[in-house]
Amino acid sequence: MSAFPYDTSVQSSYASLFADRYDDWFAASNTESTVGFLAALAKEGPPGPLLELGSGTGRVALPLASLGLTVEGLDASPEMTARLHAKPGGSAVRVTLGDFSAPPRPADTGRYALVYAAGGTFAELDTQDAQRRCLASAAQRLRPGGRLALDAHLPEALATRGTGTQPVDTPGEGFVLRTRTLHPARQQYTSDYAVLDDGRMRHVRVSFRYFTPGELDLLAELAGLRLVRRTGGWSGRPLADSSSHHVSVYERPA
Ligand SMILES: C[S@@+](CC[C@H](N)C(=O)[O-])C[C@H]1O[C@@H](n2cnc3c(N)ncnc32)[C@H](O)[C@@H]1O
């Protein structure tokens, strides 16, 4: 029987491991609506720069910057950030390497008009405490009247329609299978990726924490933020029983 290298180690640094493949394999398909939503939101609040928590390869930050907005990023992965900076217009987006659940540096306190997280990135903080700290940190980064926007699964939709094994669309050779499993006892879900690439099989696990919109509102309230809008996604359509995701927008009161 022939064998290929099969690395079963559970990885938390998927972003760094697959930075060069992220755009092909993992990037969400709703980029246009995400950018449109955020560009409109940026006009509602005070003037000032935008900050993306988990700016990744710049899927959202770069098109926003190309509209003339000042966009900065905060990301833990030097590899993802290098991809962002290698793209056309990449030098316009200043990215700080660091943990977005940590408190801001003094220079970043009260600096941003809009802080946002897209592509399910906020749920990558897989404990309630990390999510609470992230919201507190985001609130501290905002100017008075500034907004925070983030997307997330609706947990009921995740449980009934979001689990199981699915192939991920991959251009070219190789394949990626994603198995999403719910862990209700710890309010988490995991995505296990089996990746066959260049004759090598790898397994990557990413852990997430899901939450109800009501829990998010309470964590935001603890951070001094108040809900101003909730939609059924970046398209801006109303939240409905059939929605799979929500986008929640909070304000740091002026
Ligand atoms: C799923 S990718 C999404 C990238 C981008 N927001 C998008 O929608 O295409 C998540 C990004 O968040 C970063 N990330 C995850 N947890 C983080 C943390 N605690 N602090 C900083 N960056 C983090 C990862 O390095 C990765 O680049």
Side-chain angles (χ1 to χ4, degrees), residues 11-39 50-66 69 71-87 89-90 93-105 108 112 114-138 140-141 148-153 162 168-169 176 178 180 188-193 195 204-210 219 233-235 245 247:
Q11 305 280 351
S12 58
S13 57
Y14 76 94
S16 296
L17 209 56
F18 293 113
D20 58 337
R21 300 299 214 183
Y22 179 84
D23 288 339
D24 287 341
W25 292 351
F26 303 120
S29 54
N30 58 356
T31 305
E32 211 173 302
S33 56
T34 308
V35 170
F37 187 105
L38 291 166
L50 281 58
L51 176 69
E52 178 164 358
L53 305 178
S55 38
T57 59
R59 177 182 71 91
V60 178
L62 289 174
L64 278 173
S66 76
L69 294 160
V71 187
E72 298 179 16
L74 175 56
D75 202 287
S77 167
E79 292 83 356
M80 294 285 273
T81 302
R83 299 293 297 182
L84 180 156
H85 283 145
K87 291 181 182 175
V93 177
R94 191 183 72 150
V95 179
T96 303
L97 291 175
D99 177 359
F100 58 57
S101 66
R105 301 175 300 194
D108 296 331
Y112 298 99
L114 173 60
V115 174
Y116 67 91
T121 297
F122 178 75
E124 286 188 31
L125 297 170
D126 64 2
T127 66
Q128 187 190 51
D129 188 51
Q131 292 179 350
R132 182 190 58 74
R133 284 187 281 107
C134 177
L135 293 176
S137 167
Q140 287 170 47
R141 294 172 195 276
L148 167 70
L150 62 88
D151 59 8
H153 285 279
V168 173
D169 267 346
V176 180
R178 186 196 68 196
R180 201 190 268 150
Q188 289 179 336
Y189 64 97
T190 45
S191 288
D192 284 280
Y193 292 94
V195 177
V204 175
R205 175 170 295 168
V206 191
S207 178
F208 303 83
R209 179 174 188 272
Y210 62 85
L219 293 179
W234 294 111
S235 67
H245 292 77
V247 169

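Only heavy atoms go into these numbers, but all of them, side chains included; no hydrogens, no water, no symmetry mates. When a ligand or atom number is given, it counts from 1 through the structure's own listing order. Since we're looking at a predicted model, the values are computed, not measured. If you read the sequence from its start, that first residue is 1, and numbering goes on from there.
Residues passing the side chain to side chain contact (heavy atoms under 4.5 Å, CB included) test with Q140 are P104, A136, sequence neighbours excluded. Remark: D75 engages no residue in a side-chain hydrogen bond (donor to acceptor under 3.5 Å, both in side chains) (not counting sequence neighbours).
Protein residues are said to neighbour a ligand when one of their heavy atoms lies under 4.0 Å from it; for ligand 1 these are Y14, A15, Y22, E52, G54, G56, R59, D75, A76, S77, M80, G98, D99, F100, A118, G119, T121, E124, L125.
Listed by first then second residue, pairs satisfying salt bridge (Lys or Arg N to Asp or Glu O under 4.0 Å) with a partner in residues 95-105 read R105-D108, not counting sequence neighbours.
When side chains are defined from C-beta on, R209 counts as touching Q128, because their heavy atoms get closer than 4.5 Å. You'll find the side chain of E124 stays beyond 4.5 Å of the side chain of Q131, heavy atoms only.
Evaluated for a salt bridge (Lys or Arg N to Asp or Glu O under 4.0 Å) with D23, the options R83, K87, R59 yield exactly one hit, K87.
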